[in-house]
Structures are given as structure tokens and as C-alpha cells.
Amino acid sequence: MHYPNLFRPLSVGAHVFRNRIISLPNKGKPVLGETGIPSDLFISYLAEKSRGGAAQVTVGDTVVDPEYGRGRWAPLTLSTENYGFLNELPFAIKQNGAIASIELNHSGSHANPPHRSPVGPVSYVRPDGVRVEAADIDMINRIVDKFAQAALTAKNVGFDGVVIHGAHGWLLGEFLSPLTNRRTDQFGGSLENRARLPMLIVDAVRKAVGPDFLIEYRVSGSELVAGGLAIEESTAFIRMIRDKINLVNVSAGLDHIPEVQIHVQPTHFLPHGYHVKWAEHMKKELDIPVIALGGITTPELAERILADGKADFIGMSRPLLADPQLPNKAREGRPEDITPCVRCMNCLADASLKKVVSCSVNPRLGRELRLNGEYAKKPKAKKVLVIGGGFAGMKAASTAAERGHSVILAEMTNRLGGILKFSDHDELKKDIRLLKNHLIAQVEKTGVRVELNKFLTKRDIAAYEADAILVAVGSTPKVPPIPGIDLPNVWHVTEFYEKKLSPGKRVAIIGGGLAGCETAVELARRGCSVVVLESLKGFARDANPLIANALRQTASQLDISFLDEMICEQILENSILVRPAAGGKQFFIETETILYAVGMEARSQLYGEIYDAADIVAPVGDCVRPRRIGEAIFEGYFAAMNL
Ligand SMILES: Cc1cc2nc3c(=O)[nH]c(=O)nc-3n(C[C@H](O)[C@H](O)[C@H](O)COP(=O)(O)O)c2cc1C
């Protein structure tokens with residue numbers, strides 16, 4: 001048996017979990033319109049997660065009292081009128097053998113109710129000018145009732161359990177936290193008082209649903225801010241409710257304070273398994289099944305956490321967006337087939353911006369229903385030539401081969417991986433490295449014929465007599481026209497890593513986009529003193545806001561200086577001459593190593609030359625326009641699916 005601890009079943013209450021993998025709550029794309037009716041797309045998305053083998057699939061953030069805020073995510077409404085539609089949710093999960101669970105939440109101070117003030121433990125005026133009212137005893141009774149009603153509805157429509165959302169600073173978290181609960185009545189002050197509302201809710205929910213229904217409580221083991229809830233108190237609180245609940249889900253952080261919001265979903269700047277230490281603490285202290293989570297992206301790590309006795313279950317959110325089949329693939333001993341989450345946070349950035357959940361590495365996510373229909377028929381087998389072995393080319397080649405085509409992948413260098421080969425030597429890029437290795441493994445396993453060291457001319461290409469040619473030749477680094485750029489201590493960042501060069505003590509990086517800033521973090525972690533120079537205003541403007549935020553938090557702890565609106569006039573042997581863009585005096589920055597990352601240039605020429613060389617010729621990825629990994633994977637995948 002592969003991963004024996006991960007796949008050992010466990011009975012909890014009246015339920016048998018088929019393994020130890022819990023699909024954590026995810027908001028996004030939940031309903032059609034304002035009626036609270038779940039869309040078919042959403043139902044299919046849940047079914048796919050369950051088909052992938054997780055033991056429990058949890059529907060995300062569901063608001064218990066829509067009059068006090070439907071939330072920003074068009075939440076489901078657990079109302080009786082919607083019974084007929086709602087019951088498809090648990091059945092889509094259960095038909096594939098998983099336990100069906102739904103998260104109940106009240107957004108408290110952070111809600112935006114249409115016709116009244118939001119409620120929280122205390123009254124105050126939010127930074128956006130909205131007045132929050134302190135919940136009085138009638139309101140407290142209403143909230144308790146709403147949780148109980150919602151749990152009963154969840155049970156009646158077929159769910160096996162609920163997750164009570166007491167983490168991340170929503171209403172229950174606000175009451176429990178010494179940071180936000182400054183009440184002086186029986187609902188504030190001591191831990192017993194702060195815990196009173198959550199305890200009333202847990203009692204009422206248990207009374208409403210009976211003994212066999214699963215109740216999981218989600219808590220922030222630590223809120224990660226000074227004055228916030230810490231592990232001793234969160235553990236003491238779970239001890240108070242331990243007899244009424246079945247599972248504790250140990251998360252961390254707060255959703256409303258940017259400095260820690262980003263830690264709720266640990267990014268690639270943080271270690272894998274970042275929140276596990278708090279779960280481990282609870283596991284030691286309490287006799288209750290504990291779910292550990294936070295950047296546990298591989299079955300190896302999940303297995304180790306269980307084998308070390310740190311938790312009973314492993315919660316995964318983003319890894320199962322990246323590949324809902326992760327549990328099945330792990331169980332079958334095929335970890336190399338798991339598409340790894342790269343913790344790029346586009347999922348949550350898109351959930352905020354577009355109200356959908358998407359994934360850079362899983363182009364099917366949220367589209368399962370439509371794609372299963374559109375691509376149900378196997379195509380007529382074709383001879384396919386893919387040119388370029390970067391991410392777009394590898395995804396295109398393996399997808400085409402899986403669809404039954406005969407595929408040749410020609411790569412001009414001596415190995416696959418494209419521009420991201422450098423991830424082999426950059427610790428910050430560990431997740432990307434895993435993705436690269438996964439894509440290479442897929443090319444190998446699907447029977448693609450790989451031809452390395454093949455630089456193809458138009459004539460060479462014609463000789464393949466391919467029915468379809470996918471051009472995925474990527475991009476090349478732009479070289480900034482600065483005198484001295486060709487000095488021997490000046491490198492493009494990727495070249496620097498690939499050549500495994502050692503940096504000097506002082507490093508200057510020209511270009512403050514994400515690539516430059518991430519290199520600064522990596523080298524500062526290796527002990528360098530780094531200065532990042534950017535000609536425009538601001539840094540990492542090409543990053544999504546969550547990654548930009550995480551980058552700022554990380555860089556602020558390191559020896560990195562950021563100088564924006566700064567023009568590099570000349571590179572000298574051990575210094576750079578710079579000038580403020582707005583005018584002012586030139587000055588020298590002393591440095592031993594100089595790196596640059598000022599953008600990429602599409603290799604667009606080849607497609608222009610061979611666009612008529614076969615029945616189908618399509619450019620994919622960076623050779624169209626340099627962009628992010630998500631676009632490369634998406635275009636490679638669909639170009640192949642469309643053959
Ligand atoms: C797109 C997205 C949506 C999320 N929505 C919810 C939610 O509705 N409720 C919740 O409690 N947590 C939510 N989370 C947090 C996750 O449940 C989880 O705690 C977090 O992502 C860390 O786990 P991971 O490292 O396995 O992704 C969300 C996370 C992501 C990435």
C-alpha cells in the first residue's frame with residue numbers, strides 16, 4: 001500500500017472516512033444569480049472533487065443569515081424553497097463515495113447587509129465608513145438560531161455534516177478573539193465569556209441535528225497577530241466544546257488584516273505545512289480527531305504528518321483545485337501524475353475579482369461539466385509536431401498524446417522545461433520545479449517522442465509531414481540597453497541560477513517585476529544584501545495582489561532595499577550609476593553581482609514563417625505574448641484538445 005497512513009480509513013462518530021484527505025471549503029462560482037440555487041457547473045465541480053477520492057468534500061462559506069450579509073461570494077442560501085436544488089450538492093459528493101459537508105458562516109462585522117448595519121461583538125466604524133452594531137442579546141439569540149436552522153437544513157437536504165466556521169476573523173472568530181472582542185458583558189472578557197456565543201451555537205446545532213450528524217469546528221489555531229488568539233487559548237476553547245463536536249479543523253490567520261490574510265493560504269514564500277504546528281499542538285493536548293492543513297501539497301508530506309502523529313486528517317484546498325484526482329493518484333502510487341499546486345494564489349485572486357475559482361495549473365477547474373460534454377468524442381488520430389519543450393509545449397504534447405494522437409516534441413536545448421528549468425536551482429521555486437518535473441513525467445508516460453537538441457528550420461519542419469503543428473517556442477529575456485550590460489558579473493536571473501553561480505555579498509537587481517523581486521528574496525535568504533532597481537513606480541506590478549502582499553511581508557524581514565523610479569545609467573565593474581527618474585543627482589550603488597529581469601520577448605517569428613506548413617498550425621504560450629504559467633498551460637491544453 002502506498003502512503004499507508006494516508007489511506008487508512010477512520011470512523012468518526014457514525015461515519016467512515018475512506019481515507020485521511022479532506023477537501024477544505026472553497027468559495028467561488030457557487031450559484032446562479034441571487035436566488036441561491038446552485039449551478040450545474042458548481043455541482044459538477046463538487047462531483048469531480050469527490051470522484052478524485054477525497055474522504056470528505058466541504059462546500060465553502062455558506063451564509064446562515066442572508067439578511068445580515070450575503071457576503072461577497074453570492075453564497076448559497078440554505079432556505080426551504082431551494083431544497084430541490086440544494087440536495088443535488090450532497091448527492092453529487094456522496095455518489096462518488098465521499099462524505100458531504102458544508103461550511104456555515106456568519107460574516108459579522110465584515111458583512112455588507114443591504115438594508116441594515118452589520119453586527120459584531122462591539123460597535124465601531126469600519127475603515128470604509130460603515131457602522132458596525134454590537135450584537136445585543138436578541139441578535140445573539142437570532143444568530144444562534146440561524147446556525148441551528150442552517151445545520152438542520154443541511155441535514156435535511158442530505159449533507160452528512162457541517163463545518164462551523166469559527167476561524168479567520170468572521171463573526172465567531174471575532175467573538176473568540178481577545179483582539180476584536182472588547183465586550184464587558186457575559187460575552188466578552190475572559191475566554192469563557194468570549195467562547196459563550198460559539199458554545200451556544202455548537203450546543204444549538206448539536207440539538208438540531210442529533211448525535212449522528214458530523215460537526216467539525218474550524219478555528220484559527222493562531223490568528224498570527226499580536227493580541228490575537230494564540231494556540232493556548234484556541235486549544236482551551238476546543239477543549240470546552242470537545243464533547244459536542246466530532247472534528248477540529250486547525251487553520252490560522254485572519255481574513256481582514258492584509259499582513260496575516262495572506263498566511264491563511266500560505267504562499268510559496270512560506271514553508272509547506274505551515275499551519276501544521278498548531279494542529280500538532282491540539283492533537284497532543286486533546287482527544288479529538290484533528291485536521292492539519294496549510295500548503296500540504298504532496299502525498300509524501302501528508303503521509304509524514306500522519307506517520308509522525310501530528311494529526312488525524314490532512315486538509316487540502318488548493319492542491320485539490322490543482323488536481324482533484326490527487327487522492328486516487330496517490331493511492332495508486334502515481335505521485336508523478338499529480339498536477340501540483342504552485343501556490344500562485346490566482347485561485348483566490350480570481351475568486352475576489354471575478355467571483356469564480358480558477359487554477360493556473362488546472363484548466364478544467366469550474367468547467368468540468370461543459371468540457372466533459374464538448375470533448376466527449378475521441379478525435380481522429382493525427383500526426384502532431386509540437387515545437388518547444390517549455391510548459392505550454394509539454395502540456396500540449398502530453399494532452400495530445402493522451403487524446404490518441406501520435407506526437408513528436410522537438411526541443412532545441414538538451415532538456416525539457418523551457419525558461420523554468422532554472423527552478424532546479426532556486427529554492428523559492430520549489431513548487432514550480434515540481435510542476436516542471438510533473439510535466440516532463442507526463443510527456444514521458446504518454447508516449448510522446450521527444451527530440452532534444454533539435455533546432456528546426458522551415459525545411460526541417462516540412463519533412464515531418466505533420467497534420468498539426470503546435471508552435472510553443474517561448475520567449476527570450478530582454479536585455480536592457482545599459483552601457484556595461486555585457487560585463488562578466490552581469491547575468492539574466494535565469495541564467496544566473498542555471499549556471500549555479502555564487503552571488504557576491506552585495507547584489508543589485510535591475511528590474512522590479514515579480515521575477516526580479518523573487519530573486520531578491522531568494523538571494524537575501526542566502527545571506528546577500530540586495531538592492532532592487534525599478535525605472536517605473538512600484539514593484540511586482542505583474543503579480544496578483546495576494547502575491548504582491550506576501551512578497552512585501554517577506555521582503556520586509558530581509559536585507560532588501562527597493563528603489564523605484566530609478567534609471568540605471570551605466571554598469572561599472574563594481575557599481576551601478578543610477579539617476580532618479582524625476583531628476584536629481586546621479587549616484588553609485590556599490591555591488592559585486594548584477595542581475596537583470598526586465599521582461600521577456602516573444603519568439604514570434606517561427607509561427608509567421610510556418611503558419612501554412614500543415615492543416616493545423618497554432619501558436620501557444622509565450623511565443624504569442626510572454627505571460628504567466630497559467631496561460632501557457634491553458635493554451636497548451638486547449639490547443640491539444642481542439643486537434
Ligand atoms: C480559492 C479559495 C477559496 C477559499 N474559500 C474558503 C471558504 O469559503 N471558507 C474557508 O473557511 N476557507 C476558505 N479558503 C481557505 C482554505 O479552506 C484553506 O484553509 C487554505 O487555502 C489553506 O489550505 P491549502 O494550503 O490546502 O490551500 C479558501 C481558499 C482558497 C484558495
Side-chain angles (χ1 to χ4, degrees), residues 1-10 12 16-26 48-58 93 96-99 247 249-251 265-268 270-277 279-280 283 289-344 347 359-362 364-365 398 423 427 429-442 444-446:
M1 180 82 197
H2 308 277
Y3 313 110
N5 290 289
L6 196 53
F7 290 100
R8 184 168 300 131
L10 185 66
V12 177
V16 179
F17 286 70
R18 59 181 164 181
N19 59 51
R20 307 302 181 92
I21 302 173
I22 305 276
S23 170
L24 295 171
N26 285 129
E48 183 118 340
K49 272 196 178 182
S50 159
R51 204 174 305 124
Q56 172 180 291
V57 176
T58 305
I93 296 171
N96 295 307
I99 287 169
L247 293 145
N249 177 321
V250 191
S251 188
Q265 292 80 211
T267 65
H268 62 291
L270 292 174
H272 291 102
Y274 186 64
H275 302 335
V276 173
K277 50 186 170 290
E280 185 184 0
K283 173 84 188 136
V290 170
I291 304 170
L293 59 108
I296 306 172
T297 58
T298 60
E300 286 77 9
L301 178 57
E303 173 70 14
R304 209 174 332 127
I305 291 164
L306 296 175
D308 291 347
K310 294 179 177 173
D312 302 281
F313 289 98
I314 300 297
M316 294 183 178
S317 157
R318 294 165 297 171
L320 297 179
L321 299 178
D323 193 344
Q325 287 287 331
L326 181 153
N328 287 343
K329 291 174 180 174
R331 191 185 168 90
E332 290 160 19
R334 299 187 287 126
E336 70 283 3
D337 289 349
I338 295 168
T339 308
C341 165
V342 293
R343 301 192 287 165
C344 67
C347 49
C359 176
S360 295
V361 299
N362 178 7
R364 291 174 49 79
L365 184 72
S398 61
S423 59
E427 275 314 286
K429 289 276 183 281
K430 242 191 278 178
D431 294 302
I432 303 280
R433 186 191 313 157
L434 270 183
L435 176 61
K436 170 182 70 66
N437 293 342
H438 157 76
L439 291 170
I440 293 172
Q442 298 318 293
E444 284 165 2
K445 288 180 83 165
T446 50

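The structure presented is a predicted model; accordingly, all values stated were derived computationally and were not measured. These values consider heavy atoms only, across backbone and side chains, with no hydrogens, waters or symmetry-generated copies. When a residue number appears, it is its place in the shown sequence, counting from 1.
- Among all heavy-atom pairs drawn from P289 and F313, the shortest one is CB-CE1, 4.1 Å.
- Going from atom SG of C347 over to atom CD of Q265 covers 7.5 Å, rounded to the nearest 0.5 Å.
- Residues R433 and E427 are in side-chain contact: their nearest non-hydrogen atoms beyond the backbone lie under 4.5 Å apart.
- Between K329 and D337 there is no salt bridge, since no side-chain N of the basic residue sits under 4.0 Å from a carboxylate O of the acidic one.
- Checked by atom type and distance alone, the side chain of R343 pairs as donor or acceptor with a backbone atom of L270 at under 3.5 Å.
- When atom types are taken as modelled, the side chain of N19 and the backbone of L6 share no donor-acceptor pair closer than 3.5 angstrom.
- Here the CG atom belonging to L326 is positioned 4.0 Å from the CD1 atom belonging to I338, to the nearest 0.5 angstrom.
- Taking 4.5 Å as the limit, some side-chain heavy atom of N249 sits within range of a side-chain heavy atom of L24.
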From CA spacing to verdict: side-chain contact (heavy atoms from CB on, under 4.5 Å), I21, M316: CA-CA 7 Å; I21 302 173; M316 294 183 178; 4.2 Å; yes

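- Using a cutoff of 4.0 Å between basic side-chain nitrogens and carboxylate oxygens, K283 and E280 are not scored as salt-bridged.
- A292 and I305 make their closest contact through CB-CG2, 4.4 Å (heavy atoms, listed as atom of the first residue, atom of the second, distance).
- Taking CG from D431 and OG from S423, the interatomic distance works out to 10.0 Å, rounded to the nearest 0.5 Å.
- Side chains of T297 and P340 form no contact here, defined as non-hydrogen atoms less than 4.5 Å apart.
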CA sep, side-chain torsions, deciding dist, call: S251, H275, side-chain hydrogen bond (donor to acceptor under 3.5 Å, both in side chains): CA-CA 6 Å; S251 188; H275 302 335; 4.7 Å; no

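- Q325 contributes atom CD, which lies 10.5 Å from atom CG of L320 (distance to the nearest 0.5 angstrom).
- Of the listed residues (R8, R331, E300), just one forms a side chain to side chain donor-acceptor pair (under 3.5 Å) with Y3, and that residue is E300.
- Rounding to the nearest 0.5 Å places CG of N437 at 11.0 Å from CD of Q442.
- When all heavy atoms are compared, the tightest approach of P266 to G294 is CG-C, 3.7 Å.
- The nearest pair of heavy atoms linking A98 to S50 is CB-OG, 3.6 Å.
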CA sep, side-chain torsions, deciding dist, call: E303, H2, side-chain contact (heavy atoms from CB on, under 4.5 Å): CA-CA 9 Å; E303 173 70 14; H2 308 277; over 6 Å; no

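- Distance check, rounded to the nearest 0.5 Å: CG of D312 to CG of L306 gives 8.0 Å.
- Under the 3.5 Å distance criterion, with hydrogens and angles disregarded, a donor-acceptor pair is assigned to the side chains of S23 and K49.
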Audit row: T339, L435, side-chain contact (heavy atoms from CB on, under 4.5 Å) steps and yes/no: CA-CA 7 Å; T339 308; L435 176 61; 4.2 Å; yes

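- Residues H272 and L301 approach most closely at CB-CD2, 3.6 Å, considering heavy atoms.
- Listed here is the closest heavy atom pair of A279 and V250: N-CG1, 3.7 Å.
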